[in-house]
Amino acid sequence: MATWIDLIDPTPDELREKLPRKVQESAFEQLVAHAAPDDEPRPTLQSHGDYVFGIFLVAVAVPEEDRVFYQEVDVVITHDVLLTASKTPPGERPYDPRPTRESCRPDDSAGMMFYRLVDDIAEHYLDLVDALDEEIDELEDNVETAPAAVTRVRLSELRHDLLHIRRTLSPTRDAIRRVVDNVVEVTEGEEVFPHEVEVAFNSAYDKLLRAFDGLELSRDLIASVRDYLQSKVSNDQNEVMKKLTVIASVLLLPTFIVGNYGQNFKHHFPELGWQWGYAFSWSLIIVTTIAQLVFFRKRRWI
C-alpha cells in the first residue's frame, strides 16, 4: 500500500525527515525555495535515479477580482511514496490536495496517486479556461457601453493572463506526455509508472490538450473583441467628423452672406438702399440654414 505525504511550506528539517529518499541537492533547493511573485518556476517532471522529481503549478481564477494566481506543488515519487510540498503564494492560500487524496483507493500505487493529483491540476486548467471565456464574453457584451479606455485596459490584462497561462500549461502538458510515452521512469528499483498508470495518464493528458485548445480559442476571442473595439472607435470618430462637418457647413453659408454684404466697394448694392435689405439678409440666412439642417437630417448625419 502506497503512502501520500502532504506538506505545506515545509522547513528544510521537516523535508529531510519526510523525504522517502535522499534527493539531489538541486532538487532539495527547489523543494524549499519560494518563487517570487510573477516569477513562478517552469513545470517539469524528471527522473533522478530511484525517485521522480516534479514541479507543477495549479492555476486558480478569482473572477470577482479579475485575476489569476498560481499555487506551486512540488512532488517526489517512489514506487510506494508520494510526497507533495505545497507552497503558499504571497497573500494567497496554498494548494490543498486533501480532496484528491481522499478520492484515492486503498490499493492505489504512488504512481496512481500522482495521476489523481495531475488530473485535478488538469481540471483546474479547464475551469480556468472556462472562467477566461466568461470574462471575454462579459467584456464583449459591454463593448458598446463601457468607455474604450476601460475596455482596452481589460483586454491587455486578459491577454497578459492568457500568455501567462500558456507559459505554465504548455510545459505541464509536455511533462505529462513524457509519462504517457514512458520517457520518465526510475532507473533503480521498482517502477513508479507501470503500464496501467501510463494508460490512466492519457486521461489527464487529454484534459490538458483540451485546456490548451480552449486557450487558443480564447486568444481568438480576445482578438475578435479587440477588432470590434477598434471598429467601434473608428465608427465613433466618423460620427464625430459628421457632426463637425454639419456644424461647419451650417456656418458656412451665413458667413458667406454676411461677408458678401460687408464688402467695402463703392459700387451700388441694391439691397443697401432697400428698406427691407436687413430683413432680407436675415431671412436668407435663416432659410439656407434650415434647408441645410433638413438635408443633413434626411441623410441621418444629425
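Quick note: numbers below take in every heavy atom, side chains included, and nothing from hydrogens, waters or symmetry partners. Computed from a predicted structure; not experimentally measured.
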Side-chain donor-acceptor pair under 3.5 Å between Y95 and D120, yes or no? yes
Does the D96 side chain pair with the main chain of R98, one donor and one acceptor, at a distance under 3.5 Å? yes
Heavy atoms only: give me the nearest D161-Y70 pair and the separation to one decimal. O-OH, 4.4 Å
Side-chain donor/acceptor of D108 to backbone N/O of A2, under 3.5 Å: no
Just by distance, do the side chain of S170 and the backbone of R167 share a donor-acceptor pair under 3.5 Å? no
Please check if any side-chain donor atom of Y228 sits under 3.5 Å from a side-chain acceptor atom of E144, or the reverse. yes
Do F56 and F114 have ring centroids that are under 6.0 Å from one another? yes
Are K87 and E92 ion-paired here, with the side-chain N under 4.0 Å from a carboxylate O? no
Does this structure show an ion pair linking D206 with R210, if we count only N-O contacts that are shorter than 4.0 Å? no
Mark yes or no for whether R178, through its side chain, and L45, through its backbone, hold a donor-acceptor pair below 3.5 Å. yes
If we count only N and O atoms by modelled type, under 3.5 Å, do the side chains of T78 and D80 hold a donor and an acceptor together? yes
Report yes or no: does S103 contribute a side-chain atom to a donor-acceptor pair with the main-chain N or O of T100 at less than 3.5 Å? yes
Using atom types as modelled and distance alone, determine if a side-chain donor or acceptor of Q71 lies under 3.5 Å from a backbone N or O of P89. no
Can you check whether Q230's main-chain N or O pairs, donor with acceptor, with S234's side chain at less than 3.5 Å? no
Salt-bridge contact R154-D66 (side-chain N to carboxylate O under 4.0 Å): yes
Is any side-chain N of the basic residue among R21 and D50 closer than 4.0 Å to the acidic one's carboxylate O? yes
Mind telling me whether Y115 and F201 have parallel, tilted or perpendicular rings, with 30° and 60° as the class edges? perpendicular
Is it the case that the side chain of S218 and the backbone of G214 share a donor-acceptor pair, with hydrogens and angles ignored and the cut-off at 3.5 Å? yes
Test of understanding: clusters of I, L, V, M, F, W, Y form through side-chain heavy atoms closer than 4.5 Å, transitively. Do V186 and V118 belong to the same one? yes
